[in-house]
Every structure is written in C-alpha cells, then in structure tokens.
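To start, the structure under review is shown below, and the notes come after it.
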Amino acid sequence: MTTSSSNVSLERRAWNIRRHAIRMGEVQGQGYIAQALDIADVLATAYFHAMRYEPQNPEWEGRDRFLLSNGHYAIALYAALIEAGIVPEDELETYGFDDSRLPMSGMASYTPGMEMSGGSLGLGLSIAVGKCLGLKRKGSDSRVYTLFSDGELDEGSVWEAIMSAAHYKLDNLIAIVDVNNQQADGPSTSMLGFEPLPEKLEAFGWFVQRVDGNDLNAVRAAFDAAKTATGGRPSMIIADTLMGKGIPFLEAREKNHFIRVDAHEWQLALAALDERKPA
Amino acid sequence: MKPAAAPVAEALPKKRLTTSAMIASIAGEGQRTRPAPFGHALVHCAKADPSIVGMTADLGKYTDLHIFQQAFPDRYYQMGMAEQLLFGAASGLAAEGFTPFATTYAVFASRRAYDFIHQTIAEEDRNVKIVCALPGLTSGYGPSHQAAEDLALMRAMPNMTVIDPCDAHEIEQAVPAIVAHKGPVYMRLLRGQVPLVLDEYGYSFELGKAKMLRDGYEVLVISSGIMTMRALEAAKALATDRVDVGVLHVPTIKPLDAATILDACAKPGRLVVVVENHTVIGGLGEAVAGLLMREGVHPAFRMIGLPDEFLAAGALPTLHDRYGISTDALCAKVKAWLK
C-alpha cells in the first residue's frame, strides 16, 4: 500500500520528516542535517506519493525497493521511515547510540526498510541494476528507487551502472540524484565538473528530468512521469536542492556538509521550522 | 628496480620457452585432463536450480562460463568490462533471491572490486559465488594478471568462504557444494583443459574439510590448489629416494579444517611443509602457522610459496621453477630441509 490516499498533505509529510531529522540531530549534537533538510521533499514524495510498501511488513515481496546509496543520508531516510510507520518514532532517541537500530551511516542489517549498506560511495546504482534484473526475471512489477548524491558522480562505478541500466532497458529503475553541489571538500562542481548532467545522461540512454527538488509539485510530477513516460528507458530525476532547506540560518551556512549545531541552536531550528508548519 | 638484461648467448636453453598465451595450460604433457569442468558442473546444477544465474565482466569465454551461456542464454548476464558493477549487480540479484555465479580473473575481483565485494556482498551476507580464473601464478603476463594476494585478501573478509581447488574432479564436486552453501563464496578457478588427478585417490570434496591423500611418516605436506598436484608428484619422486611424504589437501582455505590439520600436525617427528600457489603472506601457510601457534602444536615447520615481490613475466615452467613451486623445486627444498 501507499499512504497517498491519506489526507495528510505532502507538505506536512516533508515538514514532519524535517522535524524528525532535526530531533535526531539534536540527540547527537551534529550530523548530516543539511542534507536531510534538502532531500525531505523528495523522500516525502517517494514514500507518500510514488512508492508501494506495507509499513508493518518492510520485506513484503510486492514492495518497491528504496536503495540509499549515500549512506551518510541515513538520518534523512530514518526520518522518512519513521514518518512512514516502518520505524517507531520513539526510536529516534536512540539515533547513533550503541546498539541502536539507527546507526550514523545506513546499513541494511540494522534498520527495517533499509535495502542496502551504503557509506562507501558509488555502490547503490550497481546494486539497483542487479535488483532490477532480478525483479524482471521474477516477473515482478515492483520498481527500484535509488537515491544518490552529486558527489557520487565522481565514482566510476556510477557510470558503469548508468551504461548497464540503459543497456538492459531497466525501465523499472528510478534513480534520483541530489544535486546540492556540496561534498566533503567543497562544491561538487569544483571537484569533478559533472555538468551538463541532463545531456550526459540522455546521451547515455536515460529518460531524464531536472526539477527543483524542493518544489513538491515539480517533484511529484517527475515521479509520475518516471513511472509512465520512460519509453523503456531507466529514469533519472536530477533534483536540484538547497542544503539546510527550511531553516534559514542553516541555509545560510557556508560549510554545511557536516553540521555541528550548538545546544541552543537546535531549539532555534525547531522554532524556525514551527513557524513554517503547513496545514 | 628493473632487472638486468638476460644474458643471451651462453645461457640460451635448447628450447626457448615463451610467455605464450595469457592463459597457459597448467596441465603437464600427457596428463589426463577434462575440458571446462566448472562450466559443465554449473550447467548440471542449473538444470535443477532455476535460481542460478551466470554473470561475467567480459571474460565469459575465459572463465568457462560460456558453457553456461550456451545452455541458458536467458540466465546469462554480460556486464561488460566493469567489475565493480559486476559484483554490485550480483549483490542485487542475490537480494532478489537468485544465486549469481560471477566470474572474472582473480586479480580483478580481489584487487579492483574489493570494496564492492566487501560492502555489497560480504557485509550483507549475500548468496553470491565469485569464481575467478588465473589464480596465483598461472599466467606469465606479469603482476597485472598474477593473483598472488587473492587468498590473503579474501580470507580477511568476514562471512567469506574461500576455496582453492586442485583439479577437474574437485571443481566438479565443489560447484554443487557451494550452491548448497548459503552465503558468499570465493573460489579459484582452473579453466580450459584442467588436469584430472584426485579421482585416483578416492577423493571427494567436502566444503570445509581437509583430506589426507597419502600418509607419510617423515614429511607432511599441507597444500591447496594446483600445489596439491605438485605435492603428490613430489611425494612420488621423493619415495624413490626413500623419503616418505604424506600429503594433506586443504581446498577450503576458510573456514580452515582446524581439527584435521591439528591432528595431522600433532604426530611427532614429522616435518610439516605448507605449500601454496600464493604469496607466503596471508595465505594457507600463515593460516596453518597461526592455527598451530594458537593451539600449542609445534612441529618442525616450513613454508613454500611465492615471494613477497612483484613476479616476473615469462613462461610458466620457468617462473614456477624460479619461484620454487615446480615439482622439482619442491623436491629439492624438502631434501635440503631433511639434511
């Protein structure tokens, strides 16, 4: 099932995901918060509009698979899994602590709803290719969604998988690349220039859409088109996002790949979010 | 350091040996062989088990997987010359319930795609069988193709089962055994015309088991892979010199058959010699040495393996002699140690 029929708005889902993420960040005093805030709209759309799953049965065979390639975005996916009812909300208090099911970097063996162990970058698309081949072998109509980061475009394995997915006409693959133009050492485009990205991916044989990843209507339309209009091609959604989206003082931070936030600032962040609470 | 130019005139052997093809046959002249035992065994298993799929990175013909491809073209995935993708995709197929056999050369799996095998297969305990040609020193093409370190790397990886089979007979039996085993496996592959040796010893492969092929009171050779074949030849040759050599074959490098090895090494008065087609660092020799030390069993102990250096390019017989893993070299070393 999806919860797309629920009357909670996607805006509110995204807002809740941001709130869960900030609360987990507060537990540790630090984290990849800016990424969680930037990708919350994409995750809300994936989990509450696009994907098929059963919250009480995260390994249901008929589910759509969601692969988090950039394992350091785990805090964002945990927030979505909590919002989706796959992980109980009270577990966010355990984030990053010993024996928690929510470790700092996402791992399949720890967390319900986690389909792969990320962390080492550039793995997700290759696994997705295998899962898509496997689902087609089984005659399954489930789809594989995979989220990866613009920094991962530096990894050669990503391009191996991009070639392979087109070669095998994997129209059951929907990849989302989070283009926030920020990686560990600075702006992604200053590391290994990856633009013009849509033209490259189209030349590689993909159905490509580029959207404002923080515009819920645009993201929703992109997911809909990815499911229907690919013409036998794998689908890539290039989501341009803003690090720290939704919390003005975090949006304004220059160094926001890994954020440390002072104790009082978490309250400021939650207060800033509360001011923007949607219906 | 580059080697000095080889002396040309005076040292020229009568028959000049060349590096020849990348995959030189390891079968000796007149030796019984069987063609493509892995490919045929996999086809046999796949007839009964529809979960088996074959995958390769542009080396189907060179890993005998083309036999599988011919039998099951729709269960064969050519992933191109992309080893990271190969193992990542194998993980994905395994996660969806399939049993992928992923083949390439040992160097490319163990070196180039190590992180992918580590993270997407071993860490997630995926049911992927990694089957790799050109193990150890079985190519004269130099370090690019000589997998001297593969066992050390794969042994170090949690969850990984590591197998170094000796001959066609063993490969035919190992394939169904690793299908039956749930979890990741790394198996060294002998391909093409593969020697047939162990059938004469009433041998049968059991995952995780070492087997005494012949007993001997003076020397115990512990070996895996093609070195078991050499050890058996050396034992026969040394018998004519009245040296009594036993051979314990250890095809499963991990998990090691500790009980059998300890039992064999505890017999008093025997020189134990571990022989491997692998660098002496981190392979069977050090695995056995570590086991013996931990368990307080202290026989006279020696190791024969490839040196800790980048090996030369050249003809295989020349290289096996030079690096001490030919039958003649084994005999000479054992005799010297017994003096």
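Just so it is clear: chains get the letters A, B, ... in the order the sequence lines come, proteins before strands, and each one is counted from 1. Heavy atoms only: backbone and side chains are in, while hydrogens, waters and symmetry mates are out.
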Can you label the angle between the B:H145 ring and the B:Y141 ring as parallel, tilted or perpendicular, going by 30° and 60°?
perpendicular
A:S109 versus chain B, the contacting section by heavy-atom distance below 4.5 Å
side chain
Counting only heavy atoms closer than 4.5 Å, note whether B:R126 contacts chain A via side chain, backbone, both or neither.
side chain
Please classify the contact between A:E155 and chain B as side chain, backbone, both or neither, with a heavy-atom cut-off of under 4.5 Å.
neither
Residues of residues 42-67 of chain B with any heavy atom under 4.5 Å of a heavy atom in chain A
B:V53
Is A:M107 close to chain B through its backbone or its side chain, or both, or neither, when contacts mean heavy atoms under 4.5 Å?
side chain
Option that, when pairs with chain B are counted at under 4.5 Å, heavy atom only, ranks first among A:S120, A:S157, A:G122, A:G130:
A:G130
Aromatic contact, A:Y32 with A:Y73 (centres under 6.0 Å):
no
Going through the checks in order, is the side-chain contact (heavy atoms from CB on, under 4.5 Å) test met by A:E115 and A:K131?
CA-CA 10 Å; A:E115 302 270 3; A:K131 278 186 166 278; 3.6 Å; yes
Heavy-atom pairs under 4.5 Å with chain A: which of B:T120, B:L93, B:D74 has the most?
B:L93
So that I can tick it off, tell me whether A:E195 and A:R210 are bridged by a salt bridge, with the cut-off set at under 4.0 angstrom between side-chain N and carboxylate O.
yes
Heavy-atom proximity to chain A below 4.5 Å, by part of B:F87:
neither
Salt bridge flag under 4.0 Å for residues B:D164 and B:R155:
no
Using 4.0 Å as the upper bound for N to carboxylate O, is an ion pair formed by A:R233 and A:E202?
no
Is A:A161 in contact with chain B via its backbone, its side chain, both, or neither, using a 4.5 Å heavy-atom distance?
both
Would you find a donor on one side and an acceptor on the other, under 3.5 Å apart, between the side chain of A:T230 and the backbone of A:F207?
no
Short question: side chain of A:K138, backbone of B:E96 - any donor-acceptor pair under 3.5 Å?
yes
Select, from A:L135, A:V158, A:I127, A:V144, the one with the greatest count of heavy-atom pairs under 4.5 Å involving chain B.
A:I127
Any side-chain donor near an acceptor of the partner, A:T189 and A:N181, under 3.5 Å:
yes
Ring pair (Phe, Tyr, Trp, His ring centres under 6.0 Å) for A:Y47 and A:F66? Distances and angles first, verdict last.
CA-CA 9 Å; A:Y47 277 86; A:F66 188 94; 5.5 Å; yes
